Structure formats: C-alpha cells, structure tokens
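Nothing fancy with the numbering, it's 1 onward along the sequence. Remember, predicted model here, so these are calculated numbers, not experimental data.
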Amino acid sequence: MPEIRRFQPDDVEPLLALSLSAFTPIHESFERELGPEVFRLAYPDWRKSHARYFRELCAEDPGHIWVAWDSASHQRAGYVHYTMNAEDRSGEIGLNAIAPAYQGRGIGTSLYRHVLGLMKEHGALWAKVNTGGNPAHAPAVRAYERCGFKVFPLAHMTRLL
C-alpha cells in the first residue's frame, strides 16, 4: 500500500496528469449519458477547467492536499483535497483521484480515512462528500461507503432548450 504524505510543490504536474487520466472515463460516461450536445454545453472544455481548478487548489490550499506515494515505483498513486468549516464544525472531502493503474486497491479509502482523521483532530464533528450517482462513479461511492458515508439522493436534471 502506498504511503500517505503531504503535498509537495513538485507534485502539481504529475498529479494533474493523474487527475485528467482518472477523470477521462467519467467525462466519457457523462457524454454518453447526457448526449453530445448537452455534454458540449455543460462541459465545453472540461480538461482546461479541471486543470485551472486543480492548479488553484495547489496554489491556494496546499496544506489540505494529501498524496498516496508508491515508493517502490516512485509514482503518485492518488491524492485527496479536503476543507474544514469551523462555523458548522464540518469537513468536506473535495477533489480527489486515483491513478487508473492503482484503482481498486483501497488507496482512495486509505486517503479518505486519513483526511477524516485530520478533520476530527481539528474539531470537525461531521463530514460530507459529493460524487456522481452514475455508474462511472460507483467505485467512488463504494469507497466512501467503506468510510461510513451514507448516500443522500439528489437529482441534477438537464435538457436542451
């Protein structure tokens, strides 16, 4: 199992590449499910917006990013970002991804448990996470459930006008 370590500045580009490769199948499923017209409108350049958001997180909140590092292969296996809300004493798992070659090995679950422990140490009483409800997100849903999260159904609906 990879070790979990703090984010370092030289992680930005390798983790961005990892993130884009992990999110590609998800966006491909979105395109199939939404249809190409709605997908292009909803996600005109998802890679560009994802990269911008990821780089902003790394620049503005690097202390809340944790990396799964495989020392045997000198590879980054995944990462997780989290936030804290002192007002309602909550924590939230944010952007996260596991490299496709490492998926299905419990690395996401380990990262989530790690940041949940940090949230608790810093006074959080509860935690939340948002994910998709489509089949492409099923592995993430299972990992979150292994960490004790319960699904609260919401519906996001779309249509062309």
Side-chain angles (χ1 to χ4, degrees), residues 1-8 10-36 39 42-43 45-58 61-84 90-121 124 126-156:
M1 181 66 69
E3 69 180 86
I4 297 174
R5 64 158 173 80
R6 288 184 174 275
F7 170 84
Q8 300 168 0
D10 66 342
D11 288 325
V12 174
E13 294 308 314
L15 288 179
L16 176 55
L18 176 160
S19 195
L20 290 171
S21 68
F23 277 86
T24 294
I26 290 169
H27 283 84
E28 289 170 347
S29 79
F30 287 174
E31 186 171 15
R32 284 190 304 275
E33 293 172 34
L34 295 172
F39 178 78
Y43 302 98
D45 191 346
W46 74 266
R47 287 176 182 84
K48 183 177 179 181
S49 60
H50 185 90
R52 181 177 51 251
Y53 178 63
F54 181 79
R55 286 189 175 108
E56 287 172 4
L57 283 179
C58 294
D61 199 16
H64 286 114
I65 302 171
W66 290 82
V67 177
W69 173 257
D70 183 355
S71 57
S73 66
H74 302 286
Q75 296 289 319
R76 291 153 185 91
Y79 71 91
V80 62
H81 174 260
Y82 75 99
T83 58
M84 298 286 296
S90 70
E92 182 170 2
I93 292 176
L95 188 64
N96 65 90
I98 305 302
Y102 288 89
Q103 292 175 2
R105 299 185 193 181
I107 294 167
T109 301
S110 294
L111 282 166
Y112 307 147
R113 286 183 176 147
H114 180 78
V115 298
L116 289 168
L118 294 171
M119 291 174 193
K120 188 172 182 176
E121 283 177 29
W126 66 288
K128 57 189 167 186
V129 64
N130 293 306
T131 192
N134 64 334
H137 284 89
V141 170
R142 286 191 299 273
Y144 297 134
E145 288 176 334
R146 281 192 291 274
C147 292
F149 285 94
K150 305 287 184 224
V151 173
F152 181 81
L154 295 173
H156 291 266

From CZ (F149) to CD1 (I93), nearest 0.5 Å | 4.0 Å
To the nearest 0.5 Å, what is the distance between CG (N134) and NE2 (H156)?
-> 11.5 Å
Close side-chain approach of E145 and V151, heavy atoms under 4.5 Å | yes
So, for Y79 and F7, is the gap between ring centers shorter than 6.0 Å?
-> no
K120 NZ: over 12 foreign heavy atoms closer than 6.0 Å | no
Over all atoms of both residues, closest heavy-atom pair of A22 and A97 | CB-CB, 3.9 Å
Side-chain contact, heavy-atom cut-off 4.5 Å: N130 with E92?
-> yes
Nearest non-hydrogen partners of A77 and P2, listed with the distance | CB-CG, 3.9 Å
Interatomic distance, NE2@H114 vs SG@C147, rounded to 0.5 Å, equals 12.5 Å
Can you tell if the side chain of S110 reaches within under 4.5 Å of the side chain of R113, non-hydrogen atoms only?
-> no
At what distance, to the nearest 0.5 angstrom, does CZ of R47 lie from NE2 of H27?
-> 8.5 Å
So, Y53 versus S19: side-chain donor-acceptor pair below 3.5 Å or not?
-> no
Run the numbers on L16 and H50 for side chain to side chain contact (heavy atoms under 4.5 Å, CB included), then give the verdict.
-> CA-CA 9 Å; L16 176 55; H50 185 90; 4.3 Å; yes
Per the side chain to side chain contact (heavy atoms under 4.5 Å, CB included) rule, which among I65, L20, L95 passes with F54?
-> L95
Short side-chain to backbone donor-acceptor contact, R6 and P62, under 3.5 Å = no
Identify the two heavy atoms, one from L116 and one from A127, that lie closest to each other, and give their separation to 0.1 Å.
-> CD2-CB, 3.6 Å
Shortest non-hydrogen contact from W69 toward Q75 | CE3-O, 3.5 Å
Nearest heavy-atom neighbours spanning G91 and M119 = CA-SD, 3.6 Å
Taking atom CG of L118 and atom CD1 of I4, what is their separation to the nearest 0.5 Å?
-> 9.5 Å
Evaluate the salt bridge (Lys or Arg N to Asp or Glu O under 4.0 Å) criterion for residues D11 and R5: first the C-alpha distance (whole Å), next the side-chain angles of each, then the deciding distance (0.1 Å), finally the verdict.
-> CA-CA 11 Å; D11 288 325; R5 64 158 173 80; 2.7 Å; yes
Parallel under 30°, tilted from 30 to 60°, perpendicular over 60°: which one fits the rings of H137 and F30?
-> parallel
Does R105 reach the side chain of M1, with side-chain heavy atoms less than 4.5 Å apart?
-> no
Evaluate the side-chain proximity of Y112 to V129: yes if any heavy-atom separation is below 4.5 Å, no if none is.
-> no
From M84 atom CE to Y82 atom OH, the distance as rounded to the nearest 0.5 Å = 6.5 Å
Looking only at heavy atoms, which two atoms of I26 and S29 are closest? And how far apart?
-> O-OG, 2.7 Å
Would you call N96 and L111 a side-chain contact if the rule is heavy atoms closer than 4.5 Å?
-> no
